[in-house]
Amino acid sequence: MSDVTSAQSSSTLAGTIELRLTAAARRALAQRETPLLVHLELLFSCMIRKQVLFLESEHPDALLLDGGEQQVRIGFRAVGTKTCLISDQPVPDLQTFPIKRVEPFLPRWLSLDIKHVQWRGEFGYVGN
């Protein structure tokens, strides 16, 4: 993502996140009538998996993060499974993972791009 710009945000319910948008993502967001719902999922199973999902509605257990962009609503949810699954496929027994101190688990940045009408995203915890 070579043409990425970044915007540092202000406060919200759970915290802030640096939102990095490509030029294509900025153009696509400007054309939307409703905000893009982005769900950041951190799965704890036998391995840890990060996943960015683009949803039709917000998950009730998701913590809201402020990326400083009105056209993007960002939710974060740590989840766990009862069984060990190593797959990119949907997990059948997904449950909200109880974290007592959530701040260390909140992502620090989110990059969004759109190619061929398909949103793509990646999030992380350290500078890039």
Side-chain angles (χ1 to χ4, degrees):
M1 287 200 241
S2 59
D3 57 339
V4 174
T5 60
S6 111
Q8 193 63 35
S9 57
S10 58
S11 65
T12 188
L13 193 58
T16 60
I17 188 168
E18 179 185 354
L19 181 58
R20 303 169 182 173
L21 300 170
T22 63
R26 284 199 184 282
R27 285 190 300 273
L29 286 173
Q31 295 174 1
R32 292 182 62 89
E33 291 183 18
T34 60
L36 178 67
L37 299 180
V38 183
H39 184 80
L40 311 181
E41 188 175 86
L42 184 61
L43 171 66
F44 294 94
S45 186
C46 48
M47 296 185 77
I48 296 175
R49 177 184 77 187
K50 300 184 315 181
Q51 189 171 25
V52 177
L53 304 167
F54 300 93
L55 305 177
E56 297 296 319
S57 62
E58 294 175 349
H59 192 282
D61 292 341
L63 300 172
L64 292 178
L65 300 175
D66 181 4
E69 172 65 54
Q70 288 183 325
Q71 280 298 88
V72 181
R73 292 201 35 99
I74 305 166
F76 170 77
R77 183 172 169 229
V79 294
T81 61
K82 291 182 180 179
T83 58
C84 179
L85 294 172
I86 302 174
S87 170
D88 285 338
Q89 300 304 312
V91 180
D93 62 346
L94 213 55
Q95 299 174 357
T96 299
F97 195 80
I99 297 177
K100 295 207 186 296
R101 209 170 67 85
V102 73
E103 292 83 16
F105 296 93
L106 294 176
R108 303 295 182 250
W109 58 268
L110 167 64
S111 291
L112 294 179
D113 192 9
I114 188 166
K115 289 187 180 176
H116 308 293
V117 196
Q118 191 79 300
W119 284 99
R120 300 164 190 233
E122 180 182 1
F123 68 91
Y125 291 88
V126 292
N128 168 354

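The chain is numbered in sequence order, starting from 1.
- In this structure, Gln118 places its CD atom where only 12 or fewer heavy-atom neighbours from other residues, nucleotides or ligands lie under 6.0 Å away.
- If you take CD on Gln70 and CG on Leu29, they are separated by 12.0 Å, rounding to the nearest 0.5 Å.
- Taking CG of Leu40 as the start and CD of Glu122 as the end, the distance is 11.5 Å to the nearest 0.5 Å.
- Contact between Arg120 and Lys115 at its shortest, heavy atoms only, is NE-CB, 3.7 Å.
- The CZ atom of Phe123 sits 8.0 Å away from atom CD1 of Ile17, with the distance rounded to the nearest 0.5 Å.
- Proximity of Glu41 to Val79: side-chain heavy atoms (C-beta onward) are separated by under 4.5 Å at one or more points.
- Considering every non-hydrogen atom in both Ala62 and Gly75, the closest pair reads CB-CA, 4.1 Å.
- For Ala28, the side chain to side chain contact (heavy atoms under 4.5 Å, CB included) criterion is met by Ile114, Trp119, not counting sequence neighbours.
- Judged by distance alone, with hydrogens and angles left aside, the side-chain atoms of Tyr125 form a donor-acceptor pair with the main-chain N or O of Phe105 at under 3.5 Å.
- Distance check, rounded to the nearest 0.5 Å: CD of Glu69 to CG of Leu112 gives 9.5 Å.
- One finds the CG atom of Leu106 at 10.5 Å from the CZ atom of Arg101 (value rounded to the nearest 0.5 Å).
- One finds the CZ atom of Arg49 at 10.0 Å from the CG atom of Leu42 (value rounded to the nearest 0.5 Å).
- The two residues Pro107 and Leu65 have their closest heavy-atom pair at CD-CD1, 4.2 Å.
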Side chains of residues 52-60: which donor-acceptor pairs under 3.5 Å do they make with residues two or more places apart or in other chains?
| residue | atom | partner | partner atom | Å |
| --- | --- | --- | --- | --- |
| Glu58 | OE1 | Arg73 | NH2 | 3.3 |
| Glu58 | OE2 | Arg73 | NE | 2.4 |
| Glu58 | OE2 | Arg73 | NH2 | 2.9 |
| His59 | ND1 | Asp61 | N | 3.0 |
| His59 | NE2 | Arg77 | NH1 | 3.2 |

